[in-house]
Amino acid sequence: MRKIIVITMITLDGVMQAPGGPEEDTSSGFKYGGWTAPFSNDNGSDFFQKNMQPAEYLLGRKTFEIFASYWPQHKDIWPGINYGMKYVLSNTLEKSDWKNTTFLKNLTDIKKLKDSNGSDLHVWGSGKLIQLLMKNDLVDEFRLVTYPLTLGQGQKLFAEGTIPATFKLTESTTTPSGVVMANYKRAGEVKTGTVGG
């Protein structure tokens, strides 16, 4: 069985929309695209180099289209995304010129993929897909890069798909400007009790 690993950049208020540039995703009037840029020279390269190693990818349609329009022309920056198998959840797309791309139609296809033999699946971006995965308890690990700013608007990572769950911190680092990079693995159900009782 494969693990599904969500790798994403978020703000303190949980926004994950358009971290890479102003035109990346302007849906719902989002005007803060590229909010990670001021931190781009801030010693987080080890985290990104590690997570940009060759892998297999599970992507939503919108993120796939953004990636397909950019990464084939920038192979020197992230060769892994070009050569790794890309599984894309879409009801509208059925083919692509970007090599190593397969399209999935529904949750059943994702479950079959997760239950198959092969590499772990890395999910980048893909907010709606992540909500579906969380709702169905299919996320095994989060690798979050949290930036020290709030935006007050935009698509959030932990939204309507979030279920009660616990996670174990397995690795973390903080850059000089306060960007926190942390890996969390699924650790079971939520337990409650009385503090001090």
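If you read the sequence from its start, that first residue is 1, and numbering goes on from there.
Annotation for Pro148 and Val179: closest pair CD-CG2, 4.0 Å, computed over non-hydrogen atoms. The two atoms that bring Arg2 and Ser116 nearest to each other are NE-OG, 3.0 Å, heavy atoms only. Of all the heavy atoms in Trp35 and Val15, the pair that sits closest is CZ2-O, 3.6 Å. The minimum heavy-atom distance linking Asp76 with Pro79 is given by the pair O-CD, 4.2 Å. In plain terms, the two heavy atoms of Lys105 and Leu93 that are nearest each other are NZ-O, 3.7 Å. In terms of heavy-atom proximity, Gly29 sits nearest to Gln153 at O-NE2, 3.7 Å.
Distance CG/Leu113 to CD1/Ile4: 7.0 Å, rounded to 0.5 Å. Here the straight-line distance linking atom CD1 of Ile10 with atom OG1 of Thr8 works out to 7.0 Å at 0.5 Å rounding. Rounding to the nearest 0.5 Å gives a distance of 6.5 Å between CG of Leu132 and CG of Leu89. Separation of atoms CG (Asp115) and CD1 (Ile110) is listed at 12.0 Å; rounding is to 0.5 Å. Rounding to the nearest 0.5 angstrom, the gap separating the CE atom in Met134 from the CD1 atom in Ile163 is 9.0 Å. How far OG of Ser96 is from CD of Glu65: 9.0 Å, rounded to the nearest 0.5 Å.
Using modelled atom types, no side-chain atom of Ser172 and backbone atom of Ala182 make a donor-acceptor pair closer than 3.5 Å. Side chain of Trp78 to backbone of Met52: a donor-acceptor contact under 3.5 angstrom is found. Lys86 places a side-chain N or O within donor-acceptor distance of the main-chain N or O of Ile81, the cut-off being under 3.5 Å. With Gln17 contributing its side chain and Asp25 its backbone, the two residues share a donor-acceptor pair below 3.5 Å. Between the side chain of Gln155 and the main chain of Ser27, no donor-acceptor pair closer than 3.5 Å is present. Here the side chain of Ser90 pairs no donor or acceptor atom with the backbone of Arg61 at under 3.5 angstrom. Using modelled atom types, no side-chain atom of Ser28 and backbone atom of Phe30 make a donor-acceptor pair closer than 3.5 Å. For the pair Thr166 (side chain) and Gly188 (backbone), a donor-acceptor distance under 3.5 Å is present.
Counting only heavy atoms from C-beta outward, the side chains of Tyr147 and Pro38 never approach each other to under 4.5 Å. The side-chain heavy atoms of Gln131 and Lys156, taken from C-beta on, include no pair separated by under 4.5 Å. The closest side-chain heavy-atom distance from Val145 to Phe47 is below 4.5 Å. Residues Glu171 and Lys50 are in side-chain contact: their nearest non-hydrogen atoms beyond the backbone lie under 4.5 Å apart.
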Run the side chain to side chain contact (heavy atoms under 4.5 Å, CB included) test on Leu133 and Leu58 for me, step by step, so that the C-alpha distance in whole Å, both residues' side-chain angles and the decisive distance to 0.1 Å come before the verdict. CA-CA 11 Å; Leu133 295 172; Leu58 177 59; 4.3 Å; yes
Between Trp124 and Phe67, does the side chain to side chain contact (heavy atoms under 4.5 Å, CB included) criterion hold? Intermediate values first, please. CA-CA 10 Å; Trp124 287 82; Phe67 279 17; 3.9 Å; yes
Using the rule given for side chain to side chain contact (heavy atoms under 4.5 Å, CB included), can you reason through Glu141 versus Asn183, listing the C-alpha separation, both sets of side-chain angles and the distance that settles it, and then say yes or no? CA-CA 7 Å; Glu141 184 175 342; Asn183 295 357; 3.9 Å; yes
Leu144 and Leu157: side chain to side chain contact (heavy atoms under 4.5 Å, CB included), yes or no, with the steps? CA-CA 10 Å; Leu144 304 181; Leu157 173 62; 3.7 Å; yes
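Put simply, Ile66 and Ile130 are part of two different groups of oily side chains (I, L, V, M, F, W, Y) that touch within less than 4.5 Å, one to the next. When hydrophobic clusters are built by joining Ile, Leu, Val, Met, Phe, Trp and Tyr residues whose side-chain heavy atoms come closer than 4.5 Å, directly or via intermediates, Ile7 is grouped together with Met9. Met85 and Val88 sit in two unconnected hydrophobic clusters of ILVMFWY residues. Membership requires side-chain heavy atoms under 4.5 Å apart, directly or through other members. Side-chain heavy atoms closer than 4.5 Å link hydrophobic residues (I, L, V, M, F, W, Y) into clusters, and following such links, even through other members, never connects Leu121 to Met1. Cluster membership for Leu59 and Val139, using ILVMFWY side-chain heavy atoms within less than 4.5 angstrom, is not shared.
The only member of Lys114, Arg186, Lys185 that meets salt bridge (charged side-chain N to carboxylate O under 4.0 Å, His left out) when paired with Asp140 is Lys114. Of the candidates Leu151, Leu149, Thr150, Leu12 forms a side chain to side chain contact (heavy atoms under 4.5 Å, CB included) with just one, namely Thr150.
Under the 30°/60° scheme for interplanar angles, the aromatic rings of Tyr70 and His74 are found to lie parallel.
Side-chain rings of Phe64 and Trp98 approach one another, their centers coming within less than 6.0 Å.
Under a cut-off of 6.0 angstrom, the local environment of CG in Asp137 is crowded, with over 12 non-hydrogen atoms contributed by other residues, nucleotides or ligands. Within 6.0 Å of atom CD in Glu94, 12 or fewer heavy atoms from other residues, nucleotides or ligands are found, so the atom counts as exposed in its surroundings.
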